[in-house]
Number of protein chains: 2
Amino acid sequence: MNEVLPKFDSTFSIDCVVFGFDEGELKILLIERNEEPFKDWWALPGNIVGENESLDQSAGRILNELTGLSNIYMEQYYTFGDVNRHPQGRVVSIAYYALLRLGGDKAVKPISTYAKKANWIDVKDLPKLAFDHKKIFETGLEKIKRRIKHQPIAFELLPEKFTLTQLQNVYEVIGDKKLDKRNFRKKMLSFGILKDLEEKQQGVSFRAATLYKFDKRKYAKLFGKEISF
Amino acid sequence: MNEVLPKFDSTFSIDCVVFGFDEGELKILLIERNEEPFKDWWALPGNIVGENESLDQSAGRILNELTGLSNIYMEQYYTFGDVNRHPQGRVVSIAYYALLRLGGDKAVKPISTYAKKANWIDVKDLPKLAFDHKKIFETGLEKIKRRIKHQPIAFELLPEKFTLTQLQNVYEVIGDKKLDKRNFRKKMLSFGILKDLEEKQQGVSFRAATLYKFDKRKYAKLFGKEISF
DNA sequence: AATATAAGGTGTAATATTTACACTAAGTAA
DNA sequence: TTACTTAGTGTAAATATTACACCTTATATT
């Protein structure tokens, strides 16, 4: 930065790819737009960054307005800045993905005041999206596909207590590949980052599975050692 | 984006961490600032994004102005947007790392008109940096440390024709860890992405090593298979 | 021309990891 | 009691990783 700050018509926004996992399906939250441009189109939730907000704060706010939840797991992953990506002017958009637990106790219902309509939609069955949101989504999906191989993000998509089969399911759906049950369990348990809760699933037909939770402390101690799926 | 675009005093810039590798040392390009704020401090090369420039174009331009080179390997890796990161107003900065070949035929000399002074400085011996550039640098270094394990970016730091020892050196310096010569060669060659040029180094004292080049076509064919160091 | 020097280049055995594969156990529902 | 559905488990073969030391080759020196 070698000049005094020049100003021209430009601004920046956040767009969020909010992933949720439910019954073996990976979904994202889409909203139906109420305003031009792209009125009535489906779009990623997003908004302009406030004057006194950091990017992370802004993303957190958007997610909170949309879901009522705070402390959602969230990572910034790429910034989209093509000149003409927004028909009304230069808008650079910083993209975040968020991961959240759909299944389990409480289902997440998008808050209707945020947009005309908001729905969970299976990533395999997405409608056309406004702006360059298709590209933003695809980049985000690629990102979590890579990241799940080396970082413990799968747990963010599951309820706190989960079964090994559920966990395997997350890996299978995101990696788009069936995995061997015995090998999956052996490897996953070998990392030593799961805590056996010595507790069984409730309210299922048929044999109940053992519940586990992700052990953050033990994961932190791996420091440096790579986990790899 | 649900409103008409609001405007307030804000802008965005690009900052670049330009890595170069030479004789076993990993360096970055720093400039000495000529203006307030942080006059006379060392900083990452960067600039405001032009009105009609995409982010990638802007980063390319900055690197071209600085080095005279185009087609430098470059990746956007993170966007920094804390409210007070720039003392003169809200500036969101999109960070890129660039990798370039210092060694070999032609040394890269930073162009002096770009800044009062520009130097290659060993990453192990960096001065204090302006703004939040230390954090930007550290994030970038982390990024390439991770990325070099799974993507063929090491070659970008070497001349087109290189020896296996030089390549091993890149991995050792970036990974901050000595590697076994025989194992390194075995594994690297096993990927089948290096082309043996059947040609020897010139002008070295002592036994000349075989030269290789990175074979992009073969790498592209690996599609999906992961390379892993 | 003989010798010293410095880096290049190579193989193998021990260990660890990954893969492929199929049955029994447990709990629910009819 | 039986049928159904998912949970849970072990082993052998193949592959990948690690640890490790010496000879080769080209140049520089005497």
Side-chain angles (χ1 to χ4, degrees), chain A residues 22-25 103-104 148-150 158-159 161-173 175-213 222 224-229, chain B residues 22-25 103-104 148-150 158-159 161-173 175-213 222 224-229:
Chain A
D22 193 19
E23 316 255 335
E25 291 184 337
I148 201 173
K149 290 191 178 162
H150 306 289
L158 291 171
K161 301 175 179 187
F162 53 83
T163 69
L164 288 176
T165 300
Q166 290 169 339
L167 183 59
Q168 182 176 341
N169 242 281
V170 171
Y171 280 92
E172 287 180 337
V173 170
D176 204 14
K177 194 177 162 197
K178 279 268 168 221
L179 299 173
D180 178 86
K181 182 160 68 164
R182 276 176 293 190
N183 293 339
F184 178 83
R185 282 160 186 244
K186 204 188 327 174
K187 193 168 179 184
M188 183 54 82
L189 291 172
S190 77
F191 294 134
I193 60 178
L194 294 187
K195 180 164 189 179
D196 182 338
L197 293 172
E198 298 179 349
E199 194 182 329
K200 299 279 173 182
Q201 273 179 307
Q202 298 294 321
V204 286
S205 321
F206 316 116
R207 181 176 179 184
T210 301
L211 292 169
Y212 290 82
K213 69 183 265 221
L222 289 186
K225 265 171 241 164
E226 197 156 277
I227 65 173
S228 188
F229 263 92
Chain B
D22 192 19
E23 315 255 331
E25 290 185 339
I148 200 173
K149 290 191 178 162
H150 306 288
L158 291 172
K161 302 174 178 187
F162 53 83
T163 69
L164 287 175
T165 301
Q166 289 170 337
L167 184 59
Q168 181 175 342
N169 242 280
V170 171
Y171 280 91
E172 287 180 338
V173 170
D176 206 13
K177 194 178 162 196
K178 278 266 170 226
L179 300 173
D180 178 85
K181 182 162 64 165
R182 276 177 290 190
N183 293 339
F184 177 83
R185 285 160 184 244
K186 203 187 330 172
K187 193 167 177 183
M188 184 54 82
L189 292 173
S190 77
F191 294 135
I193 60 177
L194 294 188
K195 179 164 188 178
D196 181 340
L197 294 172
E198 298 179 346
E199 194 183 330
K200 300 278 173 184
Q201 274 179 307
Q202 299 294 322
V204 287
S205 321
F206 315 118
R207 181 178 180 181
T210 300
L211 292 170
Y212 291 82
K213 70 183 263 223
L222 289 185
K225 266 171 241 160
E226 196 155 278
I227 65 171
S228 186
F229 263 91

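All chains are named by letter (A, B, ...) in the order of the sequence lines, taking the proteins before the strands, and each is independently numbered beginning at 1.
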Asks: Nearest whole angstrom, please: distance from the C1' of C/dT19 to the NZ of A/K177.
Replies: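 Spelled out: NZ on A/K177 to C1' on C/dT19 is 11 Å.
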Asks: Does A/T163 reach a base, just sugar-phosphate, or nothing at all? Heavy atoms under 4.0 Å.
Replies: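 The answer is nothing, as A/T163 stays clear of every strand by at least 4.0 Å.
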Asks: Provide, to the nearest angstrom, the distance between the CD atom belonging to B/E199 and the P atom belonging to C/dG8.
Replies: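 It is 16 Å, rounded to the nearest whole Å.
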Asks: In whole angstrom, give the distance that lies between atom CG of A/N169 and atom C1' of D/dA7.
Replies: 14 Å
Asks: Closest heavy-atom contact between A/Q168 and A/L179?
Replies: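 Looks like NE2-O, 2.9 Å.
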Asks: How many whole angstroms separate atom CZ of B/R185 from atom P of D/dT18?
Replies: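 Rounded to the whole Å, the gap is 18 Å.
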Asks: Across the strands shown, which category fits B/S190 at heavy-atom distances under 4.0 angstrom: base, sugar-phosphate, nothing?
Replies: nothing
Asks: With the side chain of B/A209 defined as its heavy atoms from C-beta on, choose the nearest nucleotide among C/dC21, D/dC20, C/dG9.
Replies: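 My answer, after comparing the listed nucleotides, is C/dG9.
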Asks: Closest approach of A/V173 and A/G24, non-hydrogen atoms and distance?
Replies: CG2-O, 3.3 Å
Asks: Show me the side-chain donor-acceptor pairs of residues 180-188 of chain A shorter than 3.5 Å, one per line, residues at least two apart or across chains.
Replies:
from: A/D180; atom 1: OD2; to: A/R182; atom 2: N; distance (Å): 3.1
from: A/D180; atom 1: OD2; to: A/N183; atom 2: N; distance (Å): 2.8
from: A/D180; atom 1: OD2; to: A/N183; atom 2: ND2; distance (Å): 3.4
from: A/R185; atom 1: NH2; to: A/T165; atom 2: OG1; distance (Å): 3.1
from: A/K187; atom 1: NZ; to: A/S228; atom 2: O; distance (Å): 2.9

Asks: In whole Å, what is the span from the CD atom of A/E226 to the P atom of C/dT18?
Replies: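 Taking atom P of C/dT18 as the reference, CD of A/E226 is at 12 Å.
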Asks: Assign B/T210 to base, sugar-phosphate, or nothing according to its heavy-atom contacts below 4.0 angstrom with the strands shown.
Replies: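 The residue B/T210 makes sugar-phosphate contact but no base contact.
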Asks: B/K186 has a side chain; which of D/dT9, D/dT18, C/dG9 sits nearest to it?
Replies: D/dT18
Asks: Please give, in whole Å, the distance from C/dT18 P to A/L189 CG?
Replies: 14 Å
Asks: For nucleotides 22-30 of chain C, give me one character per nucleotide, 5' to 3': B if any protein heavy atom sits under 4.0 Å from the base, S if the only such contacts are to the sugar-phosphate, - if neither.
Replies: B--BBBS--
Asks: Heavy atoms only: give me the nearest A/E226-B/K149 pair and the separation to one decimal.
Replies: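 Shortest heavy-atom separation between A/E226 and B/K149 comes out as OE1-NZ, 3.9 Å.
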Asks: Looking only at heavy atoms, what is the nearest atom pair of A/Y171 and A/I148, with distance?
Replies: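 Answer, listing the atom of A/Y171 first, then A/I148: CE2-O, 3.5 Å.
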Asks: Starting at atom NZ of A/K187, determine the distance to atom P of D/dG8, rounded to an integer number of angstrom.
Replies: 20 Å
Asks: Tell me the interatomic distance from B/M188, atom CE, to C/dG9, atom C1', rounded to whole angstroms.
Replies: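 Taking atom C1' of C/dG9 as the reference, CE of B/M188 is at 17 Å.
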Asks: Of the options B/L189, B/L164, B/T210, which is the one that meets B/D196 in a side-chain contact (heavy atoms from CB on, under 4.5 Å)?
Replies: B/T210
Asks: Please give me the minimum heavy-atom distance between A/R207 and A/Q201, naming the atom from each residue.
Replies: O-OE1, 4.5 Å
